[in-house]
Structure formats: C-alpha cells, structure tokens
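Here is the structure we will look at, set down as structure tokens.
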Number of protein chains: 2
Amino acid sequence: MTPHQSSRRSPCPISLWLDLLGDKWSLLIIRDLIFAHKKTYGEFLSSAENISTNILADRLKKLETEGFITKSVDPENKSKNIYCLSAKGLDLLPMLLEMISWTSKYIKGAGTPKEFLKRLETDREDLIKQLKESL
Amino acid sequence: MTPHQSSRRSPCPISLWLDLLGDKWSLLIIRDLIFAHKKTYGEFLSSAENISTNILADRLKKLETEGFITKSVDPENKSKNIYCLSAKGLDLLPMLLEMISWTSKYIKGAGTPKEFLKRLETDREDLIKQLKESL
DNA sequence: CTGTATCCTTAGGGATACTG
DNA sequence: CAGTATCCCTAAGGATACAG
C-alpha cells in the first residue's frame with residue numbers, strides 16, 4: 001500500500017495529483033526550492049506566506065516520504081539540514097510554469113511570467129539548465 | 001476588492017493560483033467540464049469522487065463568480081441548468097495536461113496520458129479544437 | 001537557528017433531510 | 001432531477017512554548 005493510496009479518491013490522474021499535492025502549502029515549498037533556491041528550514045519559514053513551524057516540518061516530512069525532496073546534513077553546519085529537489089519534484093516545473101502563465105493572464109496584479117522570473121534574477125532556460133545540472 | 005483578495009496570502013502567482021483553485025474539488029469540476037464534457041449538476045454529482053450536494057453547489061457558485069464557468073438554463077428542460085467553461089476556465093487545459101503527464105510518469109496505476117485520453121474516446125487535438133469552437 | 005510538541009480554532013467538507 | 005439547508009465532525013492549520 002503506497003502512502004497516498006489511503007486517501008485516494010479515484011484513479012483519475014488529476015484526482016491523484018490533488019490527493020498528493022492538493023494542500024495549501026506543499027506546492028509553495030516546491031516553488032521555493034525551484035524558483036527561489038531555498039534549501040533550509042529557516043529559508044522556507046521566511047517566505048511571504050508565513051507558514052507556521054509545525055506545518056512546515058510536517059510538509060517537509062511528507063515531501064521527503066513521497067520522494068519529492070531529499071534531506072541531508074549541511075557539511076558546514078552539522079545542526080542544519082539541506083533539502084534538495086529530486087527529479088520527481090523538479091518535473092513539476094512545466095506544470096508550475098503553466099500555472100504562472102495562466103495566473104499572469106487572468107489575475108490582476110500577478111505580473112507577467114517574465115517579470116516573475118526577472119524578479120528571481122534569472123531566466124527560464126537558465127533556470128531549467130541550472131536545476132537539471134544540480135541533480 | 002476582488003473576491004479572492006480576501007484570502008490572498010501573497011502576490012506570488014503560484015500562491016494566488018492556490019488561493020483561487022487550491023481546494024479539493026474545484027479542479028475536478030473543471031476536469032469534468034473539459035475532459036468528460038459534463039455540464040449539468042447531476043453529471044458532476046455522478047463522478048467517481050462522490051462530491052456531496054452542498055459542496056458541489058458551493059463550488060459551482062464560486063466558479064461562476066470567479067468567471068471560470070457560465071450558467072444558463074437548458075432550453076429543452078427549464079428546470080435544468082447548463083454549465084459551460086469560459087476562456088478563463090478552458091485556459092487551464094495546458095496546466096491540466098502537464099499535471100496528467102506528471103502523474104502518469106510518477107504515480108503507479110495512473111496510466112499514460114494517451115490512455116487517459118483514449119478512455120475519453122477522443123484525442124488531444126480533437127479535444128482542444130472542439131472546446132475552442134464551443135466558446 | 002532547527003526543529004518538535006501541544007493546544008486550540010476554524011473552515012472544509014460529509015451525510016442527509018428537504019423543497020420546487 | 002436540480003438544487004438548498006442543516007447538522008455535525010474531522011482534519012488542516014495557526015499560535016506558541018519548548019528542546020537540542
């Protein structure tokens with residue numbers, strides 16, 4: 001029995017996706033990993049949406065269990081963990097880009113995808129290349 | 001004040017998207033409209049995930065308020081409403097396709113996107129064409 | 001600073017009776 | 001059949017104190 005099977009509502013791919021990632025926080029952590037290059041507990045905590053400490057700890061655990069991220073000790077600071085995206089997590093990128101594209105088209109104040117990436121001081125191709133190489 | 005602004009957590013596009021569609025049901029209704037060509041209350045109710053009547057009514061209302069769908073009376077049955085996707089709703093298709101693609105790659109038992117579309121007895125291009133024309 | 005544990009509140013959602 | 005209205009309950013999430 002796979003972990004997510006317990007809450008599986010139907011075998012539909014979209015339903016399965018929602019069962020796995022359809023909460024209010026998981027995708028924001030993935031976002032931080034992909035776009036903001038955050039990798040530590042404190043960095044995730046500092047994001048604009050103000051996740052609380054227990055929720056963050058819980059989601060990091062779940063994301064690790066489900067194979068979206070890996071956890072390792074920071075060699076330069078033994079009391080700190082580094083979280084990294086797996087291929088499974090990184091492969092959410094195309095979907096996230098579509099999400100960003102949609103939002104910029106339909107939600108006022110969201111800005112364009114280009115602006116979004118510019119704010120991150122990188123561009124899309126660079127980002128993808130960089131992330132692929134880091135695996 | 002736009003409706004979703006009340007629960008807006010941050011101006012990040014992904015966060016905004018989640019504030020709008022990040023519940024367990026909205027996207028499944030969009031899925032039914034796009035992929036299963038459902039358009040009535042009863043058809044949505046009959047989907048495999050067993051949404052309850054009050055939740056369905058609530059989501060249909062929200063989706064209409066937010067401009068994802070339009071509601072009109074069935075000319076052939078005055079006591080029945082027909083729900084149709086707007087362009088805003090249809091434009092979620094690319095994202096949904098990425099979602100399906102990701103799921104088929106990483107979740108056991110999800111099947112391939114081709115199988116998913118085959119089950120719907122259509123193919124991707126046909127589907128998109130058909131939907132665009134219906135607007 | 002990196003988490004963990006606990007307490008508490010609320011919104012989301014299920015069941016179901018009911019109305020036109 | 002197409003919804004509405006209620007009742008209820010659990011799980012998700014917030015606040016915050018605490019530990020290494």
Side-chain angles (χ1 to χ4, degrees), chain A residues 3-10 15 17-30 32-33 38-66 69-84, chain B residues 3-10 15 18-30 32-33 36 38-66 69-84:
Chain A
H4 55 279
Q5 207 164 19
S6 52
S7 58
R8 182 184 263 192
R9 293 180 290 176
S10 89
S15 177
W17 193 97
L18 287 169
D19 293 340
L20 255 184
L21 293 166
D23 70 282
K24 294 274 186 187
W25 294 108
S26 299
L27 219 51
L28 295 181
I29 297 174
I30 306 269
D32 282 348
L33 282 157
K38 302 193 173 184
K39 27 186 53 146
T40 65
Y41 188 86
E43 287 172 335
F44 298 128
L45 257 193
S46 75
S47 291
E49 293 85 9
N50 285 308
I51 191 172
S52 56
T53 59
N54 54 339
I55 303 294
L56 176 57
D58 177 77
R59 289 313 122 87
L60 287 172
K61 208 165 293 174
K62 280 188 182 164
L63 288 173
E64 193 192 357
T65 301
E66 300 290 348
I69 61 178
T70 58
K71 182 184 187 173
S72 57
V73 176
D74 184 351
E76 299 180 356
N77 183 344
K78 224 186 81 77
S79 76
K80 179 188 278 191
N81 286 314
I82 304 260
Y83 299 93
C84 289
Chain B
H4 55 277
Q5 206 163 20
S6 51
S7 57
R8 180 184 265 193
R9 292 180 289 175
S10 90
S15 177
L18 288 169
D19 292 341
L20 256 183
L21 293 166
D23 70 283
K24 294 274 186 187
W25 293 107
S26 298
L27 219 51
L28 295 181
I29 297 174
I30 306 270
D32 282 348
L33 282 156
K38 301 192 175 186
K39 27 186 52 147
T40 66
Y41 189 87
E43 287 172 335
F44 298 128
L45 257 194
S46 74
S47 291
E49 293 85 9
N50 285 309
I51 191 170
S52 56
T53 58
N54 54 341
I55 303 292
L56 176 57
D58 177 77
R59 290 311 122 88
L60 287 172
K61 209 165 291 173
K62 279 189 184 165
L63 288 173
E64 193 193 356
T65 301
E66 300 290 349
I69 62 178
T70 58
K71 182 185 188 172
S72 58
V73 176
D74 184 351
E76 298 180 356
N77 182 345
K78 224 186 80 80
S79 76
K80 178 188 278 190
N81 286 314
I82 303 260
Y83 298 93
C84 288

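Letters A, B, ... mirror the listed sequences (proteins, then strands); counts begin at 1.
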Select base, sugar-phosphate, or nothing to describe what [X] touches, counting heavy atoms under 4.0 Å on all strands.
X	value
B:S52	base
B:N54	base
B:Y83	sugar-phosphate

With a 4.0 Å limit, can you tell me whether [X] has a side-chain N or O closer than that to the phosphate oxygens OP1/OP2 of [N]?
X	N	value
A:R59	D:dA12	no
A:K80	C:dC1	no
B:N50	C:dG14	no

In sequence, state the C-alpha distance, the side-chain angles, and the governing distance for B:Y41 and B:L60, and then conclude on side chain to side chain contact (heavy atoms under 4.5 Å, CB included). CA-CA 9 Å; B:Y41 189 87; B:L60 287 172; 3.9 Å; yes
Comparing A:T40 with A:R9, nearest DNA chain C nucleotide closer to 5' gives the residue A:T40
Whether the A:T40 and A:K80 side chains hold a donor-acceptor pair (N or O, under 3.5 Å, no angle test) is what I'd like checked. no
A:S47 and A:K38: side-chain donor and acceptor closer than 3.5 Å? yes
Once you round it to whole Å, what is the distance between [atom2] of [N] and [atom1] of [X]?
X	N	atom1	atom2	result
A:D58	C:dG3	CG	P	14 Å
B:I29	D:dG3	CD1	P	12 Å
B:E49	C:dG12	CD	P	20 Å
A:L56	D:dG14	CG	P	12 Å
B:I55	C:dA11	CD1	C1'	10 Å
B:K78	D:dA2	NZ	C1'	13 Å
A:L45	D:dA15	CG	C1'	13 Å
B:L60	D:dG3	CG	C1'	10 Å

Picking from D:dG3, C:dT4, C:dG13, which would you name as closest to the side chain of A:Y41? C:dT4
Side chain of A:D23 only, heavy atoms from C-beta on: which candidate in D:dG13, D:dG3, D:dT4 is closest? D:dG13
From A:R9 CZ over to A:L18 CG, what is the distance, rounded to the nearest 0.5 angstrom? 6.0 Å
Closest-nucleotide 5' rank along DNA chain D - winner of A:S79 and A:I51: A:I51
Should the side chain of B:T53 and the base of C:dT16 be counted as holding a donor-acceptor pair, with the cut-off at 3.5 Å? yes
Any side-chain to backbone donor/acceptor pair from A:D32 onto A:E43? Under 3.5 Å, distance only. no
